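Structure record follows, encoded as structure tokens.
Remember, it's a predicted structure, so these values are computed and weren't measured experimentally. Numbers for residues simply follow the sequence, beginning at 1. Worth knowing before you read on, the calculation uses all heavy atoms, side chains too, and leaves out hydrogens, waters and symmetry mates.
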Amino acid sequence: QLDRRLNDIGWGLLLMLTGLIWLVPAERVPESAWLLGVAAILLGVSGFACRNTEAVSRSFSYRHSADEEVLTATYQGGPLVRVTSHHLFGDGTLRIVISTPPPESRAYESYTLQLAEDRLDHLLGLAVHSGLLDVDLKAVLSGLALQGRRAPHPDDDSTFVLTVRLRSYTGPSNPVGGEVERQTSLYGTRSMARAFPDIPEITAIHAIAMELAELRREAKAKGPGEEP
């Protein structure tokens, strides 16, 4: 019951945040305002839950190694007809590669950025603490469709494919802990998050996409990395 109340409170706050941001003219809202608000709500609810033994408990760890890819995120399709891949390693190295779509898959841009450990933890934490590793997102979307809840999809949107690899994860889907690898995908993350602000897994995947977009801007500002 406590977990249900916490979910109701958290997503109620998220709906209020989304409504307030929509009320303000877009040019007056900082680009990352929604993302920061979502992070604050998730951290607040998660912090309260962690202090109560009845709440759902989730924990994770990963290998802090330059050879271990802990997160892979890829945009496929979209108006520019290209593939943008993000490869995040356990030592905080983020490699971004922009390439032509299959079957050619020719890389023509490459960027590298070094993330601090807390920033890497935050990215992985968005996936873990939202429950994204514990659900089948396709089943969630099918359930929403059966309820008559469908999101409008622009024809030129892209598919976001996310893979998380952890040395250890303990949570509802893996109560004894152990190594896990989970992949999920979502078409049109922004429109889906707006249509379903009460679904934590959808808002989490959109928040991850927004974080990566900010990191991509930072990497481009620093200049290209190694030649593709």
Side-chain angles (χ1 to χ4, degrees), residues 13-14 17-18 20-22 24-44 46 60 62 64 69-80 82-99 107-130 132 154 156-165 184-194 196-197 199-226 228:
L13 291 171
L14 182 59
L17 171 68
T18 304
L20 287 171
I21 288 179
W22 284 356
V24 179
E27 63 272 10
R28 297 181 59 184
V29 179
E31 188 170 342
S32 59
W34 187 86
L35 178 61
L36 290 172
V38 170
I41 291 170
L42 288 176
L43 288 172
S46 296
F60 70 97
Y62 57 91
H64 297 255
E69 192 168 347
V70 296
L71 183 148
T72 308
T74 303
Y75 283 101
Q76 301 175 350
L80 299 180
R82 66 185 184 186
V83 177
T84 302
S85 301
H86 309 76
H87 305 273
L88 182 57
F89 295 84
D91 67 340
T93 301
L94 175 64
R95 294 175 184 163
I96 302 168
V97 179
I98 302 174
S99 60
Y108 58 88
E109 284 185 45
S110 175
Y111 304 92
T112 302
L113 190 67
Q114 190 66 34
L115 273 62
E117 185 175 338
D118 60 345
R119 206 166 184 186
L120 194 161
D121 288 347
H122 172 65
L123 262 175
L124 293 174
L126 285 172
V128 169
H129 298 302
S130 66
L132 194 57
D156 60 352
D157 217 328
S158 58
T159 299
F160 184 75
V161 182
L162 176 70
T163 305
V164 177
R165 305 174 187 84
T184 188
S185 63
L186 187 65
Y187 179 80
T189 60
R190 184 185 298 272
S191 59
M192 292 294 282
R194 287 178 174 173
F196 304 116
I199 308 300
E201 298 82 10
I202 291 177
T203 56
I205 201 170
H206 176 59
I208 293 169
M210 294 291 288
E211 285 270 8
L212 290 173
E214 177 60 30
L215 292 171
R216 195 163 60 248
R217 285 189 288 269
E218 291 180 25
K220 287 186 175 183
K222 289 179 178 294
E226 299 176 358

Rounded to the nearest 0.5 Å, how far apart are [atom1] of [X] and [atom2] of [Y]?
X	Y	atom1	atom2	value
T203	M210	OG1	CE	12.5 Å
E218	E214	CD	CD	5.0 Å
S130	I199	OG	CD1	12.0 Å
L162	T159	CG	OG1	13.0 Å
L186	M192	CG	CE	5.0 Å
L126	L71	CG	CG	10.0 Å

What I'd like to find out is whether the side chain of [X] reaches to under 4.5 Å of the side chain of [Y], using heavy atoms alone.
X	Y	value
L123	L212	yes
Y62	D121	yes
T184	E201	no
T72	R165	yes

Exercise for the section: Search all heavy atoms of G90 against all heavy atoms of L120 and return the closest pair with its distance. Expected result: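 Scanning both residues completely, I find the closest heavy atoms to be O-CD1, 4.0 Å.
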Practice task
For L215 and I96, work out which heavy atoms get closest and say how close.
Solution key: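 Distance-wise, the nearest heavy atoms are O-CD1, 4.4 Å.
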Exercise for the section: Sort out for me which residue in R95, E211, R216 forms a side chain to side chain donor-acceptor pair (under 3.5 Å) with H86. Expected result: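 The single option meeting the side chain to side chain donor-acceptor pair (under 3.5 Å) with H86 is R216.
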Problem - Between Q114 and T93, a side-chain donor and acceptor under 3.5 Å - result: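 A donor-acceptor contact under 3.5 Å links the two side chains.
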Problem - By ring-ring contact (aromatic ring centres under 6.0 Å, His included) - contacts of H206 (at least two apart) - result: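 H206: ring-ring contact (aromatic ring centres under 6.0 Å, His included) contacts with W34.
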Exercise for the section: Not counting sequence neighbours, which residues clear ring-ring contact (aromatic ring centres under 6.0 Å, His included) with Y75? List them please. Expected result: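 Checked Y75 against ring-ring contact (aromatic ring centres under 6.0 Å, His included); matches are F160.
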Handout entry: Atom NZ of K222: over 12 foreign heavy atoms under 6.0 Å
Key =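 Incorrect, the count does not exceed 12.
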